[in-house]
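One structure is given here, and the rest of the page talks about it.
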Amino acid sequence: MNTTFRIEYKTKWGENLALVLADKKYPMKWNEGSIWSLSLNLPDKTLLKDYTYIVICDGLISRTEWKHHSVDLDAGRKSLVLEDEWIDCPIQGCPFPREHQSAKFDIPGFRGAGTAIPVFSLRSPSDFGIGEFKDLRPLVDWAVSTGQCIIQLLPVNDTTRQGDWKDSYPYNPISSFALHPLYIHLQDLGIKETAAFKRQQAELNALPELDYPRVFKAKMALIRKAWLKRGAQDMEDASYKAFYRENAPVWLKEYADFCARRDSLESEYYCWMQWHLDKQLGEVADYARSKGVSLKGDLPIGVSADSADAYWHPELFNLDSTAGAPPDFFSADGQNWGFPTYNWEEMAKDDYAWWKSRLRKMSRWFDAFRIDHILGFFRIWEIPVKFTSGMYGHFNPALPYSREEIEGKGLPIEGLFHEDPRHKGMYQPLISPKSASLPEWQQKVFGEMYNDFFFKRHNDFWRRNALKKLPELLGATGMLACGEDLGMVPDCVSGVMEDQKILSLEMSCMEKGRHWPYLSVCATSSHDMATMRMQFAERHSGVDMLPEQALQTLWEHLSSASMLAIFPLQDWLAVDRQVRRKDFRNERINDHWRYRFHLNIEELSGCRELNDSILNLLKATNRA
């Protein structure tokens, strides 16, 4: 069908309009009267159900519409002329450039609060030694009763390799799309609660911490049993067929084939599991939304080299290198996370289709998401696979020095610089150079080059690098974006986050030398650091934090300007002596990723004093 798109838009010098249709950008032509137009022969009229216009300046997206256009057509049309108007935000005072799928985030001045807890840490009588998606439902009810509006989770993607302790690390998925099988509710698969089932269930649920290998072996055996009994029948269900049609071309078939090769089992088995997981998490997400509560997901910055993503799409990754972090105050040797870095140039060829598919899958369940290590969208610390230490890394992308530039300043290369693997014949300064033996004048010259390279030279370069990607990705869904921007980050990061309206992360233990802005999430602690009580004990010779002191700390955070205040469940409970865990030293989430809540999640609704305290806190700080 021949379709002509026409829209009036008065551009500034250097600006151009483009149509975005099916994730592809089509430049438009300027006509008299500031009318921009474009004609396309569309193979499918359903493409018109989702399209938008963007403003491009100097190769970057500089403005987007508030929401997308949608047109439904009768069959039989041969041609069509669309006279569109630019869609601006209709909400006066709203700080965001794009509409969010949860309308509460777009209310001017909105301030809310919520809880962070990994799914695996939840506990209920009906689960099987590990938290499940269905355990989120009573957590939603508790959030509603205490005036909270958001629940933040760790990544919920499949990490299965051998079912051992290494698989418990949630930031090392084998798929960026597939959900973890261990979060499935067995009873919904038709598993009968026999005497043997209840006995094993009681043993696993009684454990104070998650025994990952034991739970994996027991639970996967029961899931396999259910598949053999009802898998063929389930696959005839209309909802299964619809799920397969929607997901198979994007990721499901590749993931299922990948797992089938690993385990020597049927690929249909893994599709079937993912259907059940999708249903169970989807039902909880819909229930939460009906109660005004949003789920917030976590987007890991890394994708493993032994993942289905890297197996089927190796061109999207730099498999000759791993991502990490340079040496700093916390790690003298730097960090090597073991994940390949992204081949952004290759990803840009199809306008980041892999990323957009990944985010759209998340948006089925989550209204907000945390971008893990947002600095990775600006640059990454890249380490050649032959090294294990972060000490031998380099920036990618970077603006390295030429040999002529270095030697022109009278400096040797040996001991001070190393070759940039991405730019042969160009050099980056070593993060830990051997400069102490140089003459004083050479130390000064090298020091100036070193400081320029690591702290000044790349600011505009990395800013532009991030702005090539982030507007494209943020426009793919209506999720609220929050970035993890702690640590030593370049000056350009905060400016880009403000420009794109990405909420920053603020913590009193990692201050950035500024007042916490409105567009931020404030937190007392996180999954990879000590809880609030543990931090207090570290500062006070092991003495535990009193409930009154915990209440005061939460009050200070909730009274801030931050749009969202999200605290670990352990920190909320610290205000109540009767409810909080006695041994607070075993509440750290990333301690082998085995932490489990000490109460059944249903019990929280009956903790009246605790719940009244939280609700009163949120009312007093205008967050309820």
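The figures that follow rest on heavy atoms only: side chains count, while hydrogens, waters and symmetry mates do not.
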Fit a plane to each ring of [X] and [Y], take the angle between them on a 0 to 90° scale, and name the class: parallel (under 30°), tilted (30 to 60°) or perpendicular (over 60°).
X    : Y    : value
Y240 : Y244 : parallel
Y169 : F339 : parallel
W165 : Y212 : tilted

Worksheet item: Under the side-chain contact (heavy atoms from CB on, under 4.5 Å) test, which residues partner L265, sequence neighbours left out?
Response: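 In terms of side-chain contact (heavy atoms from CB on, under 4.5 Å), with neighbours along the sequence ignored, L265 is linked to R224, D263, Y269, Y270.
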Worksheet item: Who are the side-chain contact (heavy atoms from CB on, under 4.5 Å) partners of P173, not counting sequence neighbours?
Response: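 side-chain contact (heavy atoms from CB on, under 4.5 Å) check on P173 returns N157.
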How about [X] and [Y]: do any of their side-chain heavy atoms sit closer than 4.5 Å?
X    : Y    : value
N247 : F243 : yes
F177 : Y255 : no
Y183 : V156 : yes

Practice prompt. Please indicate whether K217 has more than 12 foreign heavy atoms, meaning atoms of other residues, nucleotides or ligands, lying under 6.0 Å from its NZ.
Written response: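 It does not: K217 NZ has 12 such atoms or fewer within range.
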For this output row, return yes or no: ring centroids of [X] and [Y] closer than 6.0 angstrom.
X    : Y    : value
F96  : H100 : yes
W462 : F377 : no
H394 : Y427 : no

Worksheet item: Quick one: side chain to side chain donor-acceptor pair (under 3.5 Å) partners of H373, sequence neighbours excluded?
Response: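 Result, side chain to side chain donor-acceptor pair (under 3.5 Å) vs H373: none returned.
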Practice prompt. Under the side chain to side chain donor-acceptor pair (under 3.5 Å) rule, collect the residues that match up with S504, sequence neighbours excluded.
Written response: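 Expected list: E506, R514.
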Fill in: For F597, all residues meeting ring pair (Phe, Tyr, Trp, His ring centres under 6.0 Å), sequence neighbours excluded
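Once residues adjacent in sequence are excluded, F597 has no partner under the ring pair (Phe, Tyr, Trp, His ring centres under 6.0 Å) criterion.
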Practice prompt. List for me each residue that meets ring pair (Phe, Tyr, Trp, His ring centres under 6.0 Å) alongside F216, sequence neighbours excluded, and say none if there are none.
Written response: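 Checked F216 against ring pair (Phe, Tyr, Trp, His ring centres under 6.0 Å); zero matches.
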Worksheet item: Is the cationic atom of K356 (NZ for Lys, CZ for Arg) positioned less than 6.0 Å from the six-membered ring centroid of W354 and within 45 degrees of its normal?
Response: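 No, K356 does not sit over the ring of W354.
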Worksheet item: Are K469 and W344 in a cation-pi setup, meaning NZ or CZ lies under 6.0 angstrom from the ring centre and within 45 degrees of the ring axis?
Response: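 Flagged: K469 positioned over aromatic ring of W344.
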Item to complete: For residues I566 and A523, report the shortest heavy-atom separation together with the two atoms involved.
Response: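 Scanning both residues completely, I find the closest heavy atoms to be O-CB, 3.3 Å.
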Item to complete: Flag the pair K253 and E268 as a salt bridge only when some basic side-chain nitrogen lies within less than 4.0 angstrom of an acidic carboxylate oxygen.
Response: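 Judged by the 4.0 Å cut-off on N to carboxylate O distance, K253 and E268 do not form a salt bridge.
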Discussion item. Tell me whether D372 is salt-bridged to R370, with the criterion being a basic N under 4.0 Å from an acidic carboxylate O.
Written reply: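 Between R370 and D372 there is a salt bridge, with a charged N closer than 4.0 Å to a carboxylate O.
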